Amino acid sequence: MKRLDNLLEKDLHIVEKRKTFFIIPIAIVAVAVIMMIIFNFTLGSALNLGTDFTGGYSIDVNLGEKLTTSNYDDYCDQIKKAIATVTDENGKSYNIDIDRFQRQGSGRSASIHVKYFAVDGVSNDAMRELVNPAIEQKINDEVLKIIPKIAVDSDKKTITLTYQETLVDADVEEMVEQFIAAVGDLNSNEVAAGLSFENNDIEGAIERGEDSKQLIITYKTINNSKSVRNAIVNAMKKTDVFASRATEGALVSATVSTELIFNAILAVSLALIFMLCYIGLRFQLSSGLACIIALFHDVVMMFAFMAICHIEINSTFIAALITILGYSINNSIIVFDRVRENTKSVYAKNMSAEQIANKSIRETLMRSINTTITTLIMILMVAIIGVADIRIFAFPIIIGLLSGTFSSICIAPSFWAIFQRFGKKSNKKYGLSPKNSGGKIGDSEKSEAQA
């Protein structure tokens with residue numbers, strides 16, 4: 001640690017090395033552009049835009065108290081598998097692309113909000129009238145019903161169905177009706193009969209086992225094939241009394257997504273303008289411009305890494321973007337506060353703008369690094385142990401923190417020094433006073449030679 005402190009006390013000449021630091025973000029942007037071109041040709045989209053921007057549909061899967069932190073991912077997998085099996089009237093899969101899952105509510109009102117994209121080649125009317133109801137029915141049948149385990153004993157001629165929950169009379173009555181209909185469908189098969197019972201008494205062949213979670217069906221003959229077994233299981237699914245039904249959510253139209261993009265750009269633009277005004281009044285206009293350039297760098301870096309990693313960009317990303325803008329400007333303001341104090345120093349008249357910027361960086365460097373590390377630790381923990389929605393928020397935050405620290409140390413002070421030197425040359429050209437605006441803070445020729 002002592003070696004690190006000694007290193008940070010040295011003048012690292014960061015401002016003089018600005019060309020190298022400017023090349024780094026340019027290279028990252030170049031990589032991002034190349035990856036976007038590749039993704040556009042291979043995946044059909046340069047950026048992975050979510051339904052918040054492209055439009056889409058949503059459905060709410062109400063699970064009530066059965067939804068817990070431990071089984072959330074399992075339910076998401078079940079819902080994903082159910083939606084993947086949705087087909088049209090010809091049996092062709094719709095290949096529905098799920099945007100994301102989001103847990104909502106708690107206790108009896110707990111549910112999973114599922115957003116998915118519109119199917120290519122399917123109109124909005126067809127989505128509402130055919131696809132969405134089919135998705136709802138699939139989820140109700142395959143996720144919100146309890147599927148029993150089946151065991152066929154050929155010696156005893158019994159079928160044992162075991163459920164996860166205790167069976168009540170209403171459950172048995174409902175399943176008997178479903179089973180009678182299923183047997184009729186099986187026996188209509190021209191290839192082989194599915195099931196037959198003594199005296200054709202289907203209802204009398206069903207009884208409860210000693211375990212209150214079991215049903216035992218006694219048969220006369222059975223075609224013990226996979227299709228027959230699946231038909232029996234499907235017929236004997238039990239309605240989950242602890243869960244509600246899947247209900248169709250809202251349509252995210254293209255108009256709404258366009259409005260969201262416009263509002264996001266407007267919010268960021270207004271934030272940058274007000275920051276420029278505040279910093280310009282509080283410090284110098286050149287300081288404000290340097291901070292805005294640094295913030296623009298952070299925005300571009302966050303978009304670049306989202307493009308390179310092809311991570312979904314949605315409203316959560318916009319929230320992370322605005323969060324980083326507020327965080328990053330704080331680091332830059334700390335640096336420029338030291339710049340202002342050092343400019344007022346009696347030693348400033350013999351120092352160039354680069355020397356003042358380097359001195360200010362050196363005096364605030366440890367503070368910037370410590371602040372970033374402590375924040376990163378918390379965000380990394382959230383990204384590691386948090387749910388999927390939190391991870392989507394955490395990744396751009398991590399990128400923004402690193403980018404913001406880099407820009408506040410290497411980008412903003414360097415541009416301030418450039419503006420100071422440019423301002424001094426302009427003042428000389430028009431015969432104005434160089435005070436607080438030139439490449440040097442004083443008017444010493446010696447200082448100019450040092451610069």
Side-chain angles (χ1 to χ4, degrees), residues 51 56-68 71-119 122 125-150 161-182 185 213 215 227 229-252:
T51 54
Y57 298 85
S58 66
I59 192 168
D60 292 315
V61 183
N62 306 302
L63 293 162
E65 295 179 352
K66 291 202 69 174
L67 182 61
T68 63
N71 64 18
Y72 172 77
D73 290 335
D74 182 55
Y75 271 118
C76 289
D77 290 338
Q78 292 183 43
I79 294 170
K80 187 175 182 179
K81 290 178 181 178
I83 293 178
T85 59
V86 176
T87 59
D88 59 16
E89 63 274 7
N90 298 321
K92 183 180 179 181
S93 175
Y94 281 115
N95 293 321
I96 299 168
D97 187 10
I98 296 176
D99 180 15
R100 67 179 181 273
F101 299 95
Q102 184 177 1
R103 182 175 178 178
Q104 295 181 336
S106 61
R108 293 183 178 180
S109 63
S111 65
I112 298 177
H113 186 67
V114 186
K115 285 188 176 182
Y116 54 96
F117 297 95
V119 179
V122 179
D125 290 338
M127 286 293 299
R128 287 193 296 267
E129 296 173 7
L130 298 175
V131 180
N132 291 345
I135 292 174
E136 182 180 341
Q137 189 61 47
K138 274 289 184 181
I139 293 175
N140 285 327
D141 290 343
E142 299 186 14
V143 179
L144 300 182
K145 285 191 176 181
I146 299 174
I147 302 175
K149 293 181 179 179
I150 185 171
L161 299 167
T162 305
Y163 296 84
Q164 298 174 350
E165 299 172 355
T166 301
L167 301 173
V168 297
D169 292 337
D171 294 331
V172 177
E173 293 174 3
E174 178 185 359
M175 287 184 288
V176 167
E177 294 178 2
Q178 296 174 354
F179 188 63
I180 291 174
D185 293 337
K213 296 182 179 181
L215 280 182
S227 59
R229 291 163 65 92
N230 289 340
I232 295 172
V233 170
N234 289 331
M236 302 299 277
K237 288 179 181 178
K238 174 184 175 297
T239 301
D240 192 345
V241 296
F242 293 98
S244 183
R245 291 179 62 81
T247 56
E248 185 178 349
L251 164 67
V252 183

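Note that the structure is predicted; figures quoted are calculated from it, not measured. What's counted below: heavy atoms across the whole structure, side chains too, no hydrogens, waters or symmetry copies.
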Please report the interatomic distance CD1(I79) to CD1(I139), rounded to the nearest 0.5 Å.
5.5 Å

Sequence neighbours excluded, which residues qualify as side-chain contact (heavy atoms from CB on, under 4.5 Å) partners of E177?
none

Under the side-chain contact (heavy atoms from CB on, under 4.5 Å) criterion, do N132 and I59 qualify, and how do the steps go?
CA-CA 8 Å; N132 291 345; I59 192 168; over 6 Å; no

Distance from R103 atom CZ to C76 atom SG, nearest 0.5 Å?
10.0 Å

Can you tell me how far CG of D60 sits from OG of S109, rounded to the nearest 0.5 angstrom?
11.5 Å

Would you indicate whether the side-chain heavy atoms of V119 and M127 approach each other to under 4.5 Å?
yes

Residue pair L67 / S111: nearest heavy atoms and the distance that separates them
CD2-O, 3.7 Å

Checking N234 against K237 for the side-chain contact (heavy atoms from CB on, under 4.5 Å) test, could you report, in this order, the C-alpha distance in whole Å, the side-chain angles of both residues, the deciding distance, and whether it holds?
CA-CA 6 Å; N234 289 331; K237 288 179 181 178; 3.4 Å; yes

Between D74 and Q78, a side-chain donor and acceptor under 3.5 Å:
yes

Run the side-chain contact (heavy atoms from CB on, under 4.5 Å) check on D73 and F101 step by step: do they pass?
CA-CA 10 Å; D73 290 335; F101 299 95; over 6 Å; no

Once rounded to the nearest 0.5 Å, what's the spacing between atom CD1 of I135 and atom OH of Y116?
4.0 Å

Between side-chain atoms of residues 88-98 and protein atoms elsewhere (two or more places apart, or another chain), which donor-acceptor pairs fall under 3.5 Å?
{"residue": "D88", "atom": "OD1", "partner": "N90", "partner atom": "N", "Å": "3.0"}
{"residue": "D88", "atom": "OD1", "partner": "G91", "partner atom": "N", "Å": "3.0"}
{"residue": "D88", "atom": "OD1", "partner": "K92", "partner atom": "N", "Å": "2.7"}
{"residue": "S93", "atom": "OG", "partner": "N95", "partner atom": "N", "Å": "3.2"}
{"residue": "S93", "atom": "OG", "partner": "N95", "partner atom": "OD1", "Å": "3.4"}

Chi angles and distances behind the side-chain contact (heavy atoms from CB on, under 4.5 Å) call for I112, Y75
CA-CA 9 Å; I112 298 177; Y75 271 118; 3.8 Å; yes

Atom CG of N62 and atom CG of N140: how far apart are they, to the nearest 0.5 Å?
9.5 Å

Where M236 and L161 come nearest, the two heavy atoms and their spacing:
CG-CD1, 3.4 Å

Return the minimal non-hydrogen interatomic distance between P133 and R128, and the atom names on each side.
CD-O, 3.2 Å

Nearest-0.5 Å distance that lies between atom OH in Y72 and atom CG in L63:
10.5 Å

